[in-house]
Amino acid sequence: MFVIKERKQTWFLVALMSLMLLLVACSNDEESNSGTEGNGNTEQSTTPSDNTTTENTGDGLSGTLEIQYFVGGYGDGWWKQVIGDFQKQHPDLKIVEHAGPNINTEMNTRWISETPPDVVYIDGAGASETQMIAEGQLMDISEFAKGIKLENGTALLDSFISPAEEVDGGKIYSLPLVFDTWGTWFDAKWFEENGWEVPTDFDSWISSMEKIKADTKIAPFVTTGQHTQYFHRGVLNPAFAAAGGEELLNDLNNGVVEAWKKPETLEVLKKVEKIAKAGVIDSGFAAYNHTQSQMNFLMHKNAYIPVGFWLPNEMKNDTPDSFEFGFTPTPMNDPGKPLALVPDIRTIAIAEKSQNPEAAKAFLEFIFTEEYAQAFAESTGAIMNMKDIDLSSNTNVQDFLKNINEMINNPGAVHTYKRYTPDAELQKIAVEITNEIKLLIIDILLGDITAEEFVDKMVKKAEELRK
Amino acid sequence: MTFSSKSKYLFLAFCLLPTFLLFIIFTVYPMLGGLYYSFFDWSGTSANKTFIGLDNYIRLWNDSIIKKAIINDFFFVFVKVIGIMTLALFFAVALTQLKIKEAPFYRIVFFFPNIMSVVVIGILWQFIYDPNMGIVNSLLNQVGLTEWARPWLGDKTWVLPSIAIPAIWAGIGLFMLLIMGGISNVPKSLYEAADIDGASEWQQFWHITVPLVWPQIKTSILYIIITSLNGSFVLVQVMTGGGPGSASEVMGSYLYQRAFEDFQFGYGAAIGVLILVVSLITVLVSQFILKKEKVEY
């Protein structure tokens with residue numbers, strides 16, 4: 001009897017422990033959707049005034065609206081503001097925010113299990129719009145987008161600086177929210193004090209770097225060698241666009257063999273080789289991650305750095321008081337030709353499997369206003385992708401941003417080129433091309449290979465991929 | 001109170017089952033999952049997967065970066081085994097045999113890196129190697145060896161040795177303690193007899209200490225091999241991201257890039273399987289090489 005009783009107890013204990021293990025391992029996070037996690041990611045929910053209802057009450061929306069947004073250099077202040085305002089307008093809606101620097105990875109299982117959030121802001125590591133479109137994860141919002149009108153009656157699709165992208169024969173899967181772009185930064189105040197001219201083309205850039213080197217004994221140019229996409233997108237892409245327009249820019253990145261054989265391509269790489277040979281690159285660049293290179297730039301160890309729009313916001317805690325951010329589209333253009341800008345637009349979309357598409361659409365419609373465009377510039381130090389937003393009278397917006405905004409809305413001196421989203425098959429080639437460029441950027445900047453060798457290797461790679 | 005054989009087995013099951021369940025959930029299941037996904041073209045971000053058979057493995061075979069990553073991995077294995085074992089053995093002997101008064105202090109100092117996060121170690125050494133304000137270049141400049149100063153982590157030739165040094169530094173403590181445990185079990189009478197026979201300290205080291213702590217040395221070497229092949233990528237990822245170019249790429253960092261940056265999870269899983277196979281073969285070969293009869297005096 002004792003043995004039997006003991007056996008029962010033992011089995012009960014084993015079963016209990018196994019059950020607890022399974023519960024711990026398999027529990028989802030839906031129950032704990034508030035507070036800040038250890039890794040800085042947040043999952044917060046705003047409870048509606050009456051959380052028992054799931055039906056529409058009057059004109060307001062109800063149910064749950066889940067929003068996924070990446071928090072990087074731009075912070076989350078703007079998101080908190082717009083989501084808060086949207087909540088006020090729809091008190092019966094329960095809004096759940098999934099946000100943080102690693103949110104794309106953390107939400108991955110939701111996308112894999114086809115229970116995604118309703119709205120997704122596509123930005124940061126682990127998020128790719130191309131991939132999401134190819135996988136059928138985003139909703140076709142073409143008709144909805146065409147119907148959105150701004151307060152002044154203008155169609156939203158006509159109000160973007162960089163237009164909404166049409167893929168698969170005219171389908172719109174996302175709205176371009178943030179006008180992100182790469183370019184070259186400098187300390188405007190330091191330049192003014194030393195009488196250094198801001199370059200407008202490649203020749204004046206090289207002369208400027210040589211002068212700065214002679215005046216200060218520093219290596220004027222720095223970039224991060226650990227993340228070579230900064231040089232790729234900040235220097236090479238504008239250079240390709242300036243040399244051969246959108247066609248060359250897209251063909252090269254998509255591994256079109258003929259494009260890599262073009263003389264314009266070699267000319268661009270010759271310019272890069274010239275920068276390397278001029279001895280104006282920080283000798284330690286290959287070791288730096290992006291933060292180290294940016295810190296060196298802020299400490300005047302260097303004078304030029306190619307980074308995206310987020311730089312001032314990302315480094316605001318480390319920026320000396322005397323530092324005044326200046327931005328120019330990277331001057332890889334020939335004299336007399338316009339500076340080239342290749343925007344890296346960050347988009348917002350609705351999941352194909354959204355459980356509350358009406359609320360998701362209402363949210364997308366809600367955020368594209370002049371008021372929020374002004375607020376975006378104030379809180380992020382960057383530009384929302386809307387034309388004719390007058391930032392000049394907004395005292396909360398930094399000067400460099402006003403200048404950039406003016407530059408973008410005045411297409412004379414600066415030409416904007418678009419890097420189109422490749423389709424799924426092309427994307428596979430584009431990834432390999434990017435990886436190869438990543439390796440060769442280091443080689444050419446270290447002076448280990450010539451422009452011709454760079455081109456030869458790329459032609460070989462493109463041929464191999466296009467076989 | 002009588003214990004039948006059944007109750008004994010039940011007790012054993014009670015002790016083993018939770019661990020076995022954990023092992024199944026967190027080791028066997030992911031391992032089989034990795035093997036399964038390696039046969040698919042899968043981005044790792046959606047439910048869509050296409051079965052492609054051995055295509056990922058064929059691609060692996062033709063990938064030049066993989067070959068480089070394997071060589072780099074074995075560079076770390078080789079350098080870490082030699083570096084850690086030599087230093088750990090000598091420190092262990094010094095702290096147990098030489099009757100140093102401050103031995104407990106040194107034991108703590110040498111073990112200290114083991115309780116630090118590898119990520120912290122990587123960042124710390126990144127500062128040490130910083131081309132502008134790093135202590136290494138500053139010292140070289142101060143002693144007049146300016147031409148030796150270089151961007152250590154940005155130099156294709158020096159990047160691997162530069163990562164290996166913190167890897168060795170961080171590894172010594174644990175194995176030193178393991179060997180010290182072994183040495184403390186060696187009967188003192190053996191050393192006394194050797195002294196009477198006129199054996200030098202070197203001879204005692206080679207003929208008494210090393211053979212008698214061989215099981216600990218062997219375990220340490222195997223452990224270093226396994227952790228190096230599986231874990232080198234943490235330091236690489238933090239310190240260089242596999243760069244400059246692909247100069248410090250190891251299999252783990254390449255897996256991370258492919259699976260999580262290039263959205264090629266299936267290919268990443270195939271690299272994971274390769275790491276498993278390479279680790280197994282290396283451990284089996286090492287066990288064969290290190291096979292030695294247990295010595296007892």
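A note on names: the letters A, B, ... follow the listed sequences, proteins ahead of strands, and every chain is numbered from 1.
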On a heavy-atom basis, which atom in [X] and which in [Y] lie closest, and how many Å separate them?
| X | Y | answer |
| --- | --- | --- |
| A:G284 | B:P151 | CA-CB, 3.6 Å |
| A:A286 | B:P244 | CB-CB, 3.9 Å |
| A:A287 | B:G154 | CB-N, 3.3 Å |

When heavy-atom pairs shorter than 4.5 Å are enumerated against chain A, which of B:Q257, B:M133, B:E261 gives the highest number?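 Ranked by contacts with chain A, first place is B:Q257.
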
Among B:T45, B:N132, B:D262, residue most engaged with chain A (heavy-atom pairs, under 4.5 Å):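 Greatest number of close heavy-atom pairs with chain A: B:T45.
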
Greater than 12 external heavy atoms within 6.0 Å of [X]'s [atom1]:
| X | atom1 | value |
| --- | --- | --- |
| A:K460 | NZ | no |
| B:K49 | NZ | yes |
| B:I58 | CD1 | yes |
| A:E453 | CD | yes |
| B:W158 | CH2 | no |

Does any heavy atom of chain A fall under 4.5 Å from the side chain of [X], the backbone, both, or neither of them?
| X | value |
| --- | --- |
| B:W42 | side chain |
| B:D41 | side chain |
| B:D130 | side chain |

Spatial distance of atom [atom1] ([X]) from atom [atom2] ([Y]) [nearest 0.5 Å]:
| X | Y | atom1 | atom2 | result |
| --- | --- | --- | --- | --- |
| B:F260 | A:N104 | CZ | CG | 13.0 Å |
| B:S46 | A:M132 | OG | CE | 10.0 Å |
| B:Q126 | A:Q292 | CD | CD | 4.5 Å |
| B:S43 | A:I112 | OG | CD1 | 7.5 Å |
| B:S246 | A:K438 | OG | NZ | 8.5 Å |

Is there a side-chain contact between A:L439 and B:I65, using heavy atoms and a 4.5 Å cut-off?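 In short, these two side chains touch, coming nearer than 4.5 Å.
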
Report, one line per pair, each donor and acceptor closer than 3.5 Å where one atom sits in a side chain of residues 13-40 of chain B; sequence neighbours left out.
| from | atom 1 | to | atom 2 | distance (Å) |
| --- | --- | --- | --- | --- |
| B:S38 | OG | B:L35 | O | 2.6 |
| B:S38 | OG | B:Y57 | OH | 2.6 |

With a 3.5 Å distance limit and no angle check, can you tell me whether A:N108 reaches the backbone of B:G44 through a side-chain donor-acceptor pair?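 Here the side-chain-to-backbone pair exists.
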
Please check: side-chain N/O of A:Q226 versus main-chain N/O of B:G242, any donor-acceptor pairing under 3.5 Å?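 Such a contact is absent between A:Q226 side chain and B:G242 backbone.
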
Side chain, backbone, both or neither: which part of [X] has a non-hydrogen atom closer than 4.5 Å to chain B?
| X | result |
| --- | --- |
| A:L440 | neither |
| A:E135 | both |
| A:F285 | neither |

Heavy-atom pair count under 4.5 Å with chain B, highest-scoring of A:G225, A:P116, A:S113, A:S128: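 If we count pairs closer than 4.5 Å to chain B, A:S128 comes out on top.
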
Identify whether the distance between the nearest side-chain nitrogen and carboxylate oxygen of A:E432 and B:R258 falls below 4.0 Å.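 A salt bridge links A:E432 with B:R258.
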
Salt-bridge present (A:D443, B:K156; N to O < 4.0 Å):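 Salt bridge flag = yes for B:K156 with A:D443.
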
Test log, rule side chain to side chain contact (heavy atoms under 4.5 Å, CB included), inputs B:T240 and A:N289: CA-CA 8 Å; B:T240 64; A:N289 60 31; over 6 Å; no

